[in-house]
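So you know, we letter chains A, B, ... as the sequences are listed, proteins then strands, and number each from 1.
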Amino acid sequence: MAAGFRLTEIAVNPFQQSESEVIVGFDAVGMRYGRGPEILKDVSFQLKRGSFTFLTGPSGAGKTSLLRLIYMAHKASRGVVQHFGHDTAGLQRKDLPDLRRRIGVVFQEFRMLDHLSVFENVALPLRVAGQKRASYAEDVAELVSWVGLAHHMESRPATLSGGEQQRVAIARAVVNQPELLIADEPTGNVDPDMARRLLRLFVELNRLGTTVLIATHDLTLVRALDAPVMSLADGRLTYRDRAA
Amino acid sequence: MSEDEKSPPAPPSGGHARLLPPDAGRDRPLFIVSAILVFLACLAALGARSTWTSSERWMDDLDGSLTVQIRPIEGRDADQDAIDIAREISELPGVTRADARSRADSEMLLEPWFGTSGLPSDLPVPVLIDVVLDDPDGVPLDEIADILETAGIDADIDDHGRWSDAVARASQLARLLAFGLLALILGAAAAVIAFAARASLVARRDVADALHIVGATDSYVAGLFQRRFFSLGVKAGATGAIFAALIAILVAVGGNNADALYFLPELLFSPFEIVALAMAPLIAGGVAALSARLAVEEELRKRW
Ligand SMILES: Nc1ncnc2c1ncn2[C@@H]1O[C@H](COP(=O)(O)OP(=O)(O)OP(=O)(O)O)[C@@H](O)[C@H]1O
Ligand SMILES: [Mg+2]
């Protein structure tokens with residue numbers, strides 16, 4: 001499936017550094033929007049390098065909010081959040097871009113730039129990192145065709161189906177070979193068959209060394225793998241490692 | 001997903017699309033306001049410049065000369081006195097020329113008040129000596145007074161000090177006004193553009209957010225807005241400057257020969273004016289780019 005694609009070159013052995021390296025760590029984290037109620041309460045967990053984890057919970061439980069803390073769109077109102085060993089509380093705004101480039105995000109609502117083509121949307125992380133088009137054009141084209149959209153390279157995202165947009169979003173999230181991939185409801189807009197294919201894509205990326213966290217309330221998706229599951233309910237998180 | 005894709009697909013040809021979508025006419029009012037502000041700024045700059053030159057000329061004319069006014073004394077020939085004194089003054093160091101005017105000249109000056117029929121010959125009329133100086137600062141007032149005293153002649157020396165003080169104050173004020181006006185207009189332009197840049201950032205929040213999520217720095221995002229507003233400023237600046245140039249040409253062609261223009265700011269074309277008008281688009285672009293950048297950076301800083 002990934003024949004020839006450069007993702008095969010990332011972290012040939014992702015476990016080389018340390019099998020228990022913590023990519024993201026939360027300790028007794030609370031979070032609220034403005035002066036609103038606390039959405040997350042005493043949330044503690046760790047994402048280890050190379051792990052594959054589900055985040056579930058009913059609608060409104062705070063999955064997206066938790067992910068916002070992980071991709072640094074929001075600050076925790078209490079507790080300690082760590083990214084790649086850095087305490088987020090001590091970070092300055094200027095430190096964020098470098099950390100964000102190590103995290104790929106697939107948004108619930110995609111957040112594509114509709115005036116750009118599929119190709120340019122996928123290339124965006126490389127472009128803002130200052131890379132030259134010539135240096136990445138072929139890799140991006142290959143990635144776009146890897147997610148099955150070769151014939152939509154120059155289409156506008158808005159003209160694609162939900163599942164197709166989902167795959168553009170995934171391609172954009174992984175194009176700069178992030179260490180951590182987080183996906184918010186990545187199968188929310190697709191039929192079960194496409195959902196399975198997208199899940200296979202995530203498993204493949206995980207096999208190549210990417211740490212993956214998928215937020216979903218789709219339990220059939222969760223049952224398809226025996227990856228550990230974190231569940232949110234009433235703002236509290238419980239952790240279940242089904243393999244153990 | 002793509003088992004059926006055999007050879008790797010070619011990336012689309014062509015360059016980058018703009019990251020900030022074109023604003024589809026939303027910038028037009030801003031463009032018009034900016035062009036008008038640049039137009040006014042150009043007029044203010046040309047006005048400031050010609051005020052400067054005019055006032056310098058007034059000062060030179062006044063500073064470089066003085067007048068000696070000889071009051072006639074019973075039993076003396078004022079005309080002859082004037083000629084003698086003028087010769088002595090012209091020998092003083094620092095004096096370029098000293099010309100005695102005759103009683104006839106004085107009568108001519110008085111004509112507007114007394115008519116052309118001539119003054120009664122026994123009416124005492126002061127006689128004037130025009131003195132032109134080499135150096136406006138080295139006025140030989142004391143020496144001239146000595147000469148007059150030695151000759152026993154009753155005379156006033158007018159070094160135009162009264163006038164040049166008044167003119168100096170007036171032109172100082174005119175300069176201040178002109179530059180103040182210019183500064184105000186530039187400030188207004190910067191404020192309008194900063195406001196527009198903030199609005200534009202809010203309108204394009206999706207773009208800014210998407211860019212941040214994929215790791216763009218604030219200065220990268222601000223740079224996008226900076227470039228957009230730079231080109232808007234250059235275009236508005238060029239438009240405003242062209243209109244200002246048209247006005248300047250009309251004024252220069254239309255009113256050049258009127259004597260009154262001596263005291264009016266004139267908008268004549270000199271290298272300074274041409275350079276100023278040519279710089280206007282760049283300055284406008286620079287002001288627009290800078291204020292957009294600062295506004296957007298400040299706005300982004302509030303976010304973490
Ligand atoms: N920007 C916001 N401002 C204020 N409250 C918010 C904001 N975003 C979310 N919330 C609130 O936070 C709570 C959790 O929302 P969140 O989007 O995290 O839930 P979710 O688990 O992702 O739900 P879903 O499965 O429907 O996507 C909700 O009660 C919501 O009203
Ligand atoms: Mg959500």
Side-chain angles (χ1 to χ4, degrees), chain A residues 1 3-5 71-75 91-94 96-105 107 111-121 123-130 133 136-142 144-151 153-154 167 172-173 175-176 197-198 200-201, chain B residues 1-27 198 200-228 231 293-304:
Chain A
M1 171 155 128
F5 180 59
Y71 64 77
M72 291 170 281
H74 208 96
K75 271 183 176 168
L91 289 181
Q92 312 247 302
R93 192 174 164 81
K94 65 173 167 49
L96 299 184
D98 281 338
L99 287 177
R100 281 184 178 144
R101 285 177 198 171
R102 300 167 72 175
I103 305 176
V105 190
F107 293 94
R111 299 217 197 155
M112 292 292 128
L113 295 183
D114 276 325
H115 62 287
L116 298 184
S117 67
V118 164
F119 174 88
E120 284 175 306
N121 267 286
L124 204 54
L126 304 174
R127 184 170 168 185
V128 305
R133 184 186 166 98
Y136 61 66
E138 288 185 5
D139 292 344
V140 170
E142 206 171 339
V144 171
S145 65
W146 189 56
V147 295
L149 294 173
H151 52 297
M153 200 86 77
E154 296 185 68
R167 283 178 276 154
R172 186 184 71 179
V175 71
N176 59 349
R197 291 167 61 173
L198 290 177
R200 253 186 17 224
L201 187 59
Chain B
M1 317 243 118
S2 54
E3 282 91 344
D4 43 352
E5 306 271 350
K6 288 291 178 285
S7 63
S13 54
H16 283 314
R18 281 197 273 167
L19 286 184
L20 273 186
D23 246 340
R26 219 180 320 171
D27 281 346
R198 280 211 180 85
S200 165
L201 176 65
V202 170
R204 303 271 57 151
R205 213 197 162 101
D206 55 335
V207 179
D209 284 349
L211 293 176
H212 276 136
I213 290 309
V214 298
T217 58
D218 284 357
S219 88
Y220 187 91
V221 176
L224 298 176
F225 286 88
Q226 178 184 341
R227 278 193 292 283
R228 151 160 307 177
S231 71
R293 176 171 204 108
L294 293 178
V296 169
E297 277 184 342
E298 186 195 326
E299 200 66 26
L300 292 176
R301 263 198 303 274
K302 293 179 191 158
R303 295 198 182 172
W304 172 255

Write down the atom of B:A210, the atom of A:L113, and the distance for their closest heavy-atom approach.
CB-CD2, 3.9 Å
CZ of A:R111 to CG of B:D206, rounded to nearest 0.5 Å, is 9.5 Å
Identify the heavy atoms of B:A216 and A:P97 that sit nearest to each other, and give their distance.
O-CG, 3.8 Å
Using heavy-atom distances under 4.5 Å, tell me whether A:R127 contacts chain B through its side chain, its backbone, both, or neither.
both
Among the listed options B:I213, B:T217, B:V207, the residue most often paired with chain A at heavy-atom distances under 4.5 Å
B:I213
Of all of A:D98, A:V105, A:L124, A:I103, which one pairs up most often with chain B through heavy atoms under 4.5 Å apart?
A:L124
Minimum-distance pair of heavy atoms, taken over all atoms of B:P12 and A:M153:
CD-CG, 3.4 Å
The interface call for B:L20 against chain A, heavy-atom contacts under 4.5 Å, is backbone
Counting only non-hydrogen atoms closer than 4.5 Å, does A:E138 touch chain B with its backbone (N, CA, C, O), its side chain (CB onward), both, or neither?
both
How close do A:V128 and B:V214 get, counting heavy atoms only, and between which atoms?
CG2-O, 3.6 Å
Let me know if A:A129 has heavy atoms under 4.5 Å from chain B in its side chain, its backbone, both or neither.
neither
Exercise: identify the closest heavy-atom pair between B:R301 and A:R93:
CA-CD, 3.9 Å
Kindly say whether A:L96 contributes a backbone atom to a donor-acceptor pair with the side chain of B:H212 at under 3.5 angstrom?
no
